There are 2 protein chains.
Amino acid sequence: MTAKVLPLMTGNLRVVGEPASPRSARGEQTKAAIVSAALDLFKERGYEKTTMRAVADAAGVSLGNAYYYVATKEHLIQAFYDRMSEAHTEAAAGVLAREKTFARRLAGVYETFLDAAEPYHEFAGKFFKNAAEPTSPLSPFSPESAPAREASIGIFREAVRGSDVKAPAAVLAELPELLWLLHMGVVLFWVHDTSEGQQRSRMLVRHAVPLVDRLVRLTRVPGVRGVADDVIGLVRSLKG
Amino acid sequence: MTAKVLPLMTGNLRVVGEPASPRSARGEQTKAAIVSAALDLFKERGYEKTTMRAVADAAGVSLGNAYYYVATKEHLIQAFYDRMSEAHTEAAAGVLAREKTFARRLAGVYETFLDAAEPYHEFAGKFFKNAAEPTSPLSPFSPESAPAREASIGIFREAVRGSDVKAPAAVLAELPELLWLLHMGVVLFWVHDTSEGQQRSRMLVRHAVPLVDRLVRLTRVPGVRGVADDVIGLVRSLKG
DNA sequence: ATCTCCTTTTGAACGTGTTCAAGTAGATGT
DNA sequence: ACATCTACTTGAACACGTTCAAAAGGAGAT
């Protein structure tokens with residue numbers, strides 16, 4: 001897919017509707033300052049109450065300049081998400097390096113997410129609200145977040161691959177994506193979870209993981225396998 | 001719950017942050033004109049491209065007057081939600097009156113939703129965005145929407161009750177709620193579904209319902225039943 | 001009629017996200 | 001040194017959601 005390109009001003013080429021990515025060290029620095037200022041302000045007063053003018057001021061640039069690097073205000077939230085998933089990926093990798101059984105690996109991935117996300121729980125609602133809109137670039141299903149989504153699915157792929165779990169090949173093939181979907185469910189639950197330290201979300205993970213473990217292994221018994229294959233078939237046709 | 005109230009202008013009492021509800025026949029009429037104009041315009045040009053000024057113009061009132069009756073532009077979406085669920089409840093009742101098998105009853109409930117929702121697909125995203133924020137009263141999980149949620153679950157309870165489905169009592173007891181959860185999943189898929197006439201959502205329902213049917217019946221066979229009971233146990237503990 | 005008290009309506013602002021034409025600056029070639 | 005090309009920066013403007021003080025109706029009571 002080649003993006004349409006327009007000549008801009010005196011010559012800079014810019015993808016239609018998208019901001020330019022920095023082409024110099026100076027630009028890189030300016031963009032970093034803007035994103036960093038935004039994160040600070042979001043944390044301090046929340047997303048809605050943070051204005052793009054305040055972000056530009058805090059970054060020491062003009063309002064218009066901020067829009068040279070950032071497509072929309074919503075796109076700035078992506079930085080939060082990036083930071084969080086980076087922390088999660090790292091922590092999950094640590095668990096996957098030492099755990100062998102499927103159940104413990106899976107529990108580790110979900111639990112490290114809860115750990116990594118905890119500092120942001122208070123603002124997560126606001127961010128979640130914006131991510132929920134289908135047309136938003138922040139939606140976990142949007143093209144813009146495909147890289148992040150793929151990275152996340154990759155964690156589950158590794159959790160499956162390095163484990164002792166046994167199931168039909170077709171099931172194993174779709175399992176990472178299905179586990180990612182469950183992850184989205186956990187996130188949904190977590191966002192709504194007002195219990196101390198999000199204890200209920202942790203309970204959900206603690207109890208759901210053994211169930212998933214048993215369910216996956218069940219797909220090998222005749223009578224269940226047929227249903228499992230149909231589930232896989234449905235998932236595949238919906239992806240297409 | 002008693003809402004805080006402030007004296008307004010020359011004396012009208014108005015709940016903080018909320019628009020006044022009409023206190024006269026004239027007011028009722030004005031509000032109806034505004035809501036109706038909004039729905040028309042949303043349908044004609046979409047939510048984003050409809051401006052509040054255009055709504056006010058079409059309704060034959062001033063911009064400020066529209067805000068006397070409507071808290072925010074997004075609140076106008078509530079009107080379409082109300083319309084939609086009324087239509088769905090009615091249509092679903094029709095299906096449940098004539099279908100007997102569990103699979104057909106269930107498919108009917110989901111499909112009548114897709115029918116009722118289709119005209120509003122474009123701004124469903126906006127509504128969804130609002131509903132996604134955990135603290136929002138519009139959230140399907142909020143206390144404020146408990147009546148609407150119960151009504152919706154009631155449809156599934158009726159779909160189960162009047163059908164031929166057989167499963168352990170514990171499963172049957174939680175089934176309506178679980179089917180409602182699946183309904184939320186269908187809605188999620190539908191909201192993101194950009195295919196012509198949301199064909200993919202219809203395919204999802206067409207294929208998922210027989211699967212659910214088989215899965216529910218499977219809970220009677222030993223070996224599966226244990227897992228099913230644990231699922232039920234988890235759901236119950238999470239509800240508490 | 002006039003007064004009083006609410007309710008409704010208005011038009012003019014205000015704040016904020018976003019756009020844009022024009023200007024600056026640093027590198028590169030001559 | 002100068003010209004040029006391109007990446008970057010700016011400040012002003014625009015559109016639209018939202019707010020507000022003030023004016024206009026209108027239904028009793030006097």
Side-chain angles (χ1 to χ4, degrees), chain A residues 5-34 38 41-42 45-77 130 133 136-137, chain B residues 5-34 38 41-42 45-77 123 126 129-130:
Chain A
V5 154
L6 278 189
L8 177 75
M9 308 159 218
T10 50
N12 185 6
L13 291 187
R14 197 166 167 186
V15 178
V16 179
E18 283 175 33
S21 33
R23 290 191 222 278
S24 74
R26 180 161 60 110
E28 209 78 63
Q29 210 172 352
T30 305
K31 176 163 189 179
I34 292 166
L41 289 173
F42 287 169
R45 3 174 150 155
Y47 176 77
E48 324 255 48
K49 291 197 171 166
T50 298
T51 121
M52 285 300 284
R53 283 165 180 82
V55 170
D57 276 1
V61 298
S62 70
L63 177 62
N65 200 9
Y67 277 95
Y68 183 75
Y69 294 104
V70 176
T72 74
K73 186 185 176 189
E74 281 196 344
H75 276 79
L76 277 172
I77 299 176
N130 292 80
E133 198 185 357
S136 165
Chain B
V5 154
L6 278 189
L8 176 77
M9 304 159 222
T10 50
N12 185 4
L13 293 186
R14 195 167 169 187
V15 178
V16 179
E18 282 175 32
S21 34
R23 289 185 220 275
S24 73
R26 181 162 57 108
E28 210 78 63
Q29 211 172 351
T30 304
K31 174 165 190 175
I34 292 166
L41 288 174
F42 288 168
R45 5 175 150 156
Y47 178 79
E48 319 257 49
K49 292 195 172 169
T50 300
T51 93
M52 285 300 283
R53 285 166 179 81
V55 169
D57 275 2
V61 299
S62 70
L63 177 62
N65 200 10
Y67 276 95
Y68 183 74
Y69 293 105
V70 176
T72 73
K73 188 184 177 189
E74 284 191 337
H75 274 77
L76 279 171
I77 296 173
F123 44 99
K126 281 292 174 231
K129 172 180 176 172
N130 242 2

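Labels below follow one simple rule: chain letters A, B, ... track the order of the sequence lines, proteins then strands, and each chain is numbered from 1. Everything numeric in this text was worked out from a predicted model, so none of it was measured.
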Does any non-hydrogen side-chain atom of [Y] lie less than 4.5 Å from one of [X]?
X	Y	answer
B:Y47	B:I77	yes
B:V61	B:Y69	no
B:L76	B:M52	yes

Measure [atom1]/[X] against [atom2]/[N] and give the value in whole Å, please.
X	N	atom1	atom2	value
A:Y67	D:dA15	OH	P	16 Å
B:L76	D:dC16	CG	P	16 Å
A:K73	C:dG15	NZ	P	15 Å
A:M52	D:dC14	CE	C1'	17 Å
A:L63	D:dC14	CG	C1'	13 Å
A:R45	C:dT16	CZ	P	10 Å
B:E48	D:dA15	CD	P	17 Å
A:Q29	D:dA7	CD	C1'	15 Å

Hey, does the side chain of [X] come within less than 4.0 Å of [N]'s phosphate (OP1/OP2), counting only N and O?
X	N	result
A:Y68	D:dC8	yes
A:Y69	D:dT9	yes
A:S24	C:dA27	no
B:N65	C:dT10	yes
B:R53	D:dC16	no
B:T51	D:dA15	no

5' priority, DNA chain C, between A:G64 and A:K49 [closest heavy atom] =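 Looking at the nearest nucleotide for each, A:K49 comes out on the 5' side.
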Candidate nucleotides C:dT9, C:dT18, D:dT10, ranked by approach to the side chain of A:T72 - the nearest =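 Nucleotide nearest to A:T72's side chain: C:dT18.
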Minimum-distance nucleotide (side-chain atoms of B:S62 versus D:dT19, C:dT10, C:dT8) =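 The answer is C:dT10.
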What pair of heavy atoms forms the shortest contact from A:A66 to A:A56, and how long is it?
->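 Residues A:A66 and A:A56, closest heavy atoms: CB-CB, 4.5 Å.
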Around atom CD of B:Q29, are there more than 12 heavy atoms of other residues, nucleotides or ligands at under 6.0 Å?
->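 No, the 6.0 Å shell around CD holds no more than 12 heavy atoms from other groups.
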When we call it a touch if two heavy atoms are under 4.0 Å apart, what does B:G27 touch: a base, just sugar-phosphate, or nothing?
->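 Since only primed, P, OP1 and OP2 atoms lie under 4.0 Å of B:G27, the category is sugar-phosphate.
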At under 4.0 Å between heavy atoms, what does A:R26 touch on the DNA or RNA strands: base, sugar-phosphate, or nothing?
->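 Touches sugar-phosphate only.
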